[in-house]
Each structure stands twice: as C-alpha cells, then as structure tokens.
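Only one structure is covered here, and it is reproduced in the block below.
Nothing here was measured: the structure is a model prediction, and the numbers come from that model. Basis for what follows: all heavy atoms, side chains included, without hydrogens, waters or symmetry-related copies. Residue numbering restarts at 1 for every chain, and letters A, B, ... go by the order of the sequence lines.
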Protein chains: 4
Amino acid sequence: MEKKQQILAAALALFVEFGFHGTPTAKVAQDAGVANGTLFHHYKTKDELVVNLYNSVKEELAAYLSEITHESDFITPKFKNIFTHTLYWALQNRAKFYYIRQFEVSPHYAKISADTIEKHGAIMNQLITEGVKKKLLQTRPVDLMLSLYNSNIFGIYQYIINSKPEPEEQQAAVLAGYEMVWDMLRYKG
Amino acid sequence: MEKKQQILAAALALFVEFGFHGTPTAKVAQDAGVANGTLFHHYKTKDELVVNLYNSVKEELAAYLSEITHESDFITPKFKNIFTHTLYWALQNRAKFYYIRQFEVSPHYAKISADTIEKHGAIMNQLITEGVKKKLLQTRPVDLMLSLYNSNIFGIYQYIINSKPEPEEQQAAVLAGYEMVWDMLRYKG
Amino acid sequence: MEKKQQILAAALALFVEFGFHGTPTAKVAQDAGVANGTLFHHYKTKDELVVNLYNSVKEELAAYLSEITHESDFITPKFKNIFTHTLYWALQNRAKFYYIRQFEVSPHYAKISADTIEKHGAIMNQLITEGVKKKLLQTRPVDLMLSLYNSNIFGIYQYIINSKPEPEEQQAAVLAGYEMVWDMLRYKG
Amino acid sequence: MEKKQQILAAALALFVEFGFHGTPTAKVAQDAGVANGTLFHHYKTKDELVVNLYNSVKEELAAYLSEITHESDFITPKFKNIFTHTLYWALQNRAKFYYIRQFEVSPHYAKISADTIEKHGAIMNQLITEGVKKKLLQTRPVDLMLSLYNSNIFGIYQYIINSKPEPEEQQAAVLAGYEMVWDMLRYKG
DNA sequence: TATGAATGAGGTTTCATTCAT
DNA sequence: AATGAATGAAACCTCATTCAT
C-alpha cells in the first residue's frame, strides 16, 4: 500500500513538470524508490496510472469540500464556502490542481465515464439547480452557469498564481473573485 | 513557403485529434504530402513545429480581431465587438481554438517568452486598462480582469460546444455570455 | 553479465571490420544475439560502448602483461619480456590490437581521462624511469622514450602484419625488432 | 577554383576535429561559405572529398620535401634532411599531419591504389634501399626499416605535441629524435 | 558554375511492457 | 508483492545526395 502512494506522489510531481508523455514510467518508478516492474505490478498500464491519479486527486478535493460543507447549509453561504475553499485547496495543492487541468484538456479525459464526470460535478450542479429554482441565481441554463463557475475558478487561480502575492493578498484576491463571480451569477430582480 | 503551410495544416489537424505526443512526425509529413526530411528541413525539431504552430494560430486570431476593430471605437462597443468576435472565430476555427488551449496547458507553454505572451494579450490589456481609468470597468487589478475575461471566453465556448445548439442558438449563447461577463466587469457606481 | 560480454565481442569484430560509424548498433545487437534495446540497457550510448570496449581491451592487455612479469625482475630482461610479449599478444589478438589503434587516432580518444591514460602507461613509464635512473637506458626525457617505445611496437607490428610471414618468421621479426629498439634506447657509455 | 580550396580547408579543419563521420557535408559547405549543392558540384561524393583531401595533403608534403632535397645529395645528410624537415612540416601543419594519420588508419585507406601508396613512399624507399646496399644502413629488410622510420616520425611528433615545448625546444627534440632513430638504423660494423 | 529546398533511407535512442526469479 | 534485465516496436532526427532554377 505504501508503495502505491509513493508511485502516485512521484507521478504527480513528474507529470506536472514534464507532462504525461514527457515522463517515462522508469523515471516515475525511480523517483518513487521502487523497481520498474513494481509500478506495473500495481498499475497494469501507464494509462491506468494516469487515470487513477486523476481520480484520486479528484476524490481528495471532493472529500475536502464535503468536509467543510453540510447538507443543511443555506445556498448563499454554501456557495461562498465551496467557492472560496476550492480556491484555498487549489492554492495549497497546486500540483494536484494543475494536474486536474492538464488531464481534463488531454485526450485521456475521454476515458472518464460520463457517470464519473457527473458525480464529480454533482455538488455544484445540485447547488446551482436549487439556486436557480429558488430565484437566488439567474434564470440561465444550469450548464452555462456551471461552466462559468468552473472557468472562473481557474481564472482567479491563474491570476493569483501569476501575481504571486502574499498569503493575505491571496485571501483578499479569493474574496474579490468570489464577489465578482457571485455578482455575475446571482439573481437580479 | 507552400510546403510550410501544408505542414502546419496537417500538424494542426493531427495534434488536435491525437495530441502532440500521439502524433508522429512521420504522420504529419505524410498528411502534408511531403517527405519526412522536409518537415525537419523547415522545423529543426518537433518542438519547434509545435511552438511555431501555436504562434501562427495566435497571430491569426490577433489579425482577425484587429481587422474587426478600430482604434477610434468607443470602449464599450469595442469590448462587445472583441468578445463576441473572439467567440465567433473560436466556433468557426474549433481546431485552432482547441489547439490554443491544449498548448497553453502543456509544459510547452513555458517556452513562450514573456514578451510574446504580453504581445498576444496586448489588445485586451490596453482596452481594460483604459476602461478602468475611464470608470467604465470596475476598479480591480487589470490582470485579474484580464484573467477573468479569458477564462470566461473559454467557459462560454465550452458550454456552447458541449450543448451543441444550432447556429442561432450559438449566437444567442454568445450574446448571453457577453451580457453576463460585461455585467461582471462593468463599473457599478 | 553474459550478454554484456557478447555485446563487446560482437562490437569488436564489427568495429574492426567496418569502423565505429560503419557499424549500426542494430548490427552489433544482432550479432551479439540480443535485442536492440538490450544493448542500450547496458550501454546508455553507442559512444559509451565504444569507450568501454577500448577500456576493456586495454585492461586485458595490461592484465596479460602483469601476468608475465614480476616486480622483482631485473630491468633489462623485464624490458625484453614486456616488449616481446606485447607483440605476441598483439599478433594473437589482432582485432583487439587494431581496435586500440583505431580508437586512439579517433576523436573518441579525447574522452579518455588523463588519469586513465596514465594508468594504462604506468608499467612502462615506471620501467623506463627506473632504467634511466640506473643508467641502463639513455638519459633522455622519459616521455620521449615512452613515445618511441610505443610507436616502435606499432611499427614492428605493422611490418609483420604486412609481410605476413610464417609463425617462426614472426618470432624472428619480433626479436629483430626488439634488438633494434633496445639498441636505440639503451645506455651507451 | 577558389571555392574548391575553401571546401578543402573547411573539410580539413572539421575532419580533424570531429572525424569524417562526425562531420556532415552540410557543415563543410557552411564553413566553406558555399551552398550545400556546390560541394557536390565539385566532389561527386563525400568519399571523393575525403580521398581528394588526403591526396592533396600528401602531395603538399611531397612537394615540400622534394623542394628541400636534391637527387645528388649524399645519403647520410639527405636522410637527416628529410627526417627533420618532415617533422618541421608536421609541426607547422598539424591539422594536415593529423589528417594523414587519421586517414591511413581508416577504412578509406583501402581505396588508395597500391601504385599511389608506393609513389608516396618512393623517396624513402629508394633512400633506404640505397643506404642498405652501400652499407650505410643496417642489413635488415627494407620494409622493416621503412616501417620503423615512419612510426618513429609519428612517435617523436606525438611526444613534441604532448609536451608542448617552446619552438627552440621543439627543434632540439627533433634533433634528439633524429639522433636516436639514425643510431637505430645506421650500419654498425 | 552555383544554389538550397527537397528527399527518404537509415541510424540512434526511448520506453511501455513482460517475465523469470 | 517485488525486482530489474530483457525486449522490440516505434519515435525522432540526420545526412548524403539530387534537381529544378
């Protein structure tokens, strides 16, 4: 079990730095401190490793978010809570967050089943659907809102990463971003 | 000159379908109708081809945008003009637009010089800077506004692509997206 | 271990016949009875193979010479012993001896460290140094004597090879050569 | 005519530094300041260039030697004259001298006709034959004497190059070398 | 005579994967 | 479960040579 974690950790670091194809499995094994064959003992193919890593990262993020939210919370604060904590998590797990992007733009993403994708987006999907119904969010297609939500998360993250401010500045930027996005999506009479 | 264009065209189609690494240079040459060596006669490296293709696509988009705008235009309509035409161009040049994303998320992007990146973003940078100064846009960091602008372009594009509507629906979606983004960035007393 | 030896043996035969560049690594692997990748598993580079082969041949000769000599031998017979046995070895290991020349004239030779070169020449260097000190050899720079020693080995070898005499003739030629060289280097009042 | 010389000069410098196979014809052309095709206009193949360069260098050396000797000279001073001037030439034309060695050890050498080889060695061959007959040189096979003569030239050259002394030291070393070699080959009662 | 774009065979090297231990 | 030598297909790239201008 230990070794699988080492492999995932090494793969994450290398994939983020050099890309999937820029990273030989031999290098992953070496950095993980295991033998070449061991990697293939745990993951039948390189693709399987790539996909497993994505799923494990996604699940980690999902677990974190479900930890800081509760079913019973009101929609408006819940939205803020999820939005800001997603960014906090991203800033503290940059490699993992970068890997998510990298993976989702790659042809590998096609191998993720529709079910899994839907499951990953379920929380926000539900939240937005409810928000629209209760007239807390604009009356627009849910998919459009969701897509904008996601791309704004990336946009703000990108901005913060590039301008590399201090931790306090980062927090301020997250809040500023939240305000803008909320203002964009909220219901206006 | 002819052959260079053929190579770029073949590379674009293949890279978008199979990814950089999923595309052998031999296949690019073959699809371009030139000999293998010809590709390397014009581009010393596969990497050089990948980067040149990116630059050529970016320049094409920039040329298109500068064609449909005029220095003298007012900021507000100019913003709308650029925003909507960027999306129209993206929808009519999907492979090229997809390639831009693919490239910018890849490690190759690190090879693009800061100068070049700034040049590519110059038009919008200038527009937003001016808009902020004239109190037509919110008083926020220009880089944040720019980052959000870009990510929203991608978000809306993604939404339209995924929900595959008819041309008219596409146009409506573009306008809806424009309204939301403008509402997000515009000055509010 | 086995396979590394097979690769070296195949490389020697081919390099001597066709030269380094006239010999594809694929041919080396094939003649060695191993897969192409196996060669690169043991030698990261073709260059590394070329250099390793040289070192291994040089060490073999050194081992042979140290086998037939003893520290305690007197200088004069020791000189004769080494001189003649070097030639005997060369005549019985023509490919290896030819390879040494081929390598030392090639640009590859520049990659051999000064330390290694000195180590290879250590036995004769010591012997000549001592011979000069004890007034058994001429009072000339040791490096000059060493250089002449080596080139005369090659000269006599070349003569024998070209005139292809019978074994007995070869032995006579070796002794004749020895006499001339010894006469050239020995102390003369 | 000019361009052929430029090509030969560039080829010499590059072949000496990188070897025949380490030097692309394209690089030769570039360094010579001519177009790629121009090289092949003057030399049908790369091999032809390699061989022509060898012949031109050999002829240059032969011309120089015949310039400083006369048919009528006595054998003993003529021998000294040729020996020392060969070394002087070598020291002042290092690249050319190095190229001769490089070429003669390579498989290319097999392409030089026996006639040409004999012609190149004719002067010394004749001199040694005559010297043996007149009991000025030892009664040994001419080929052996010739082979030793040549290898000693290389040996002394090598020594001088490696110990890099000042010009005066070089001259002294040449003379010391001459004395040793003459002492080796001369007739002794 | 000179050019340089074009060619394509062939070379070196990489790398995911297997398998005997 | 773990190893690492062995594999061989396939990738990238080189380069001598040709040819239309």
Side-chain angles (χ1 to χ4, degrees), chain A residues 1-4 7 20-30 32-50, chain B residues 1-4 6-7 20-30 32-49, chain C residues 1-4 6-7 20-30 32-49, chain D residues 1-4 7 20-30 32-50:
Chain A
M1 282 308 108
E2 176 100 0
K3 307 227 168 190
K4 284 188 82 162
I7 291 168
F20 310 124
H21 293 92
T23 309
T25 51
K27 188 96 177 71
V28 174
Q30 184 187 307
V34 303
N36 214 307
T38 306
L39 189 155
F40 285 88
H41 185 71
H42 290 291
Y43 302 95
K44 265 198 289 292
T45 67
K46 188 185 186 181
D47 267 27
E48 195 176 309
L49 170 61
V50 166
Chain B
M1 279 307 111
E2 177 95 0
K3 307 230 168 188
K4 282 186 86 164
Q6 291 167 29
I7 292 169
F20 311 123
H21 296 93
T23 308
T25 52
K27 188 94 177 71
V28 174
Q30 185 188 306
V34 302
N36 213 302
T38 305
L39 190 154
F40 287 94
H41 180 69
H42 291 291
Y43 303 96
K44 270 197 283 293
T45 302
K46 187 183 186 183
D47 264 30
E48 196 176 307
L49 169 62
Chain C
M1 281 307 109
E2 177 94 2
K3 309 230 167 189
K4 282 186 86 162
Q6 292 169 29
I7 291 168
F20 311 124
H21 295 93
T23 309
T25 52
K27 188 95 178 71
V28 174
Q30 184 187 306
V34 302
N36 213 305
T38 305
L39 191 155
F40 287 92
H41 180 70
H42 291 292
Y43 303 96
K44 269 195 284 292
T45 300
K46 187 183 187 181
D47 264 31
E48 196 176 307
L49 170 62
Chain D
M1 280 308 107
E2 176 100 358
K3 307 227 168 187
K4 283 188 84 162
I7 291 168
F20 311 122
H21 293 91
T23 308
T25 52
K27 187 100 177 70
V28 174
Q30 184 188 306
V34 303
N36 215 306
T38 306
L39 189 154
F40 285 90
H41 185 72
H42 292 290
Y43 303 96
K44 265 198 289 291
T45 66
K46 187 185 187 179
D47 267 27
E48 197 177 306
L49 170 63
V50 166

>> Show, in sequence, the C-alpha distance, side-chain angles and deciding distance for C:I7 and C:K4, and conclude whether the side chain to side chain contact (heavy atoms under 4.5 Å, CB included) test is met.
In response: CA-CA 5 Å; C:I7 291 168; C:K4 282 186 86 162; 5.6 Å; no

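- When distances are taken from the side chain of A:K3 to each of F:dT17, F:dA2, E:dT12, the shortest belongs to F:dA2.
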What donor-acceptor contacts under 3.5 angstrom involve side-chain atoms of residues 21-28 of chain A, with partners at least two apart or in another chain?
| unit_1 | atom_1 | unit_2 | atom_2 | d |
| --- | --- | --- | --- | --- |
| A:T23 | OG1 | A:L14 | O | 3.3 |
| A:T23 | OG1 | A:G19 | O | 2.7 |
| A:K27 | NZ | A:D31 | OD1 | 3.0 |

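- Of the two residues near DNA chain E, C:F20 and B:G33, the one whose nearest nucleotide lies more 5' is B:G33.
- Distance from the side chain of D:T38 is smallest for E:dT3 among the nucleotides E:dT3, F:dC12, E:dA16.
- You'll find that the side chain of D:T45 is closest to F:dT17, out of E:dA16, F:dT17, E:dG11.
- With F:dA9, F:dA2, F:dA5 as the candidates, the nucleotide lying closest to the side chain of C:N36 is F:dA9.
- Here the P atom of nucleotide F:dC12 and the OH atom of B:Y43 are 16 Å apart, to the nearest Å.
- Side-chain proximity of B:A35 to the nucleotides E:dG8, F:dA2, E:dT17 is greatest for E:dG8.
- If you measure from atom CD of B:Q30 to atom C1' of F:dA11, you get 15 Å, rounded to the nearest angstrom.
- Between B:H21 and F:dC12 there is no side-chain polar atom (N or O) within less than 4.0 angstrom of OP1 or OP2.
- Looking at DNA chain E, the stems built from 3 or more consecutive Watson-Crick or G-U wobble pairs, each pair with its key distances under 3.5 Å, are E:2-21 with F:2-21.
- Position along DNA chain E of the nearest nucleotide to C:K46 versus B:V34 favours B:V34 as the more 5'-ward residue.
- Position along DNA chain F of the nearest nucleotide to B:D47 versus D:T25 favours B:D47 as the more 5'-ward residue.
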What's touching nucleotides 19-21 of chain E from the protein side, N or O pairs under 3.5 Å?
none

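- Note on D:H41: every side-chain N or O is 4.0 Å or more away from OP1 and OP2 of E:dA2.
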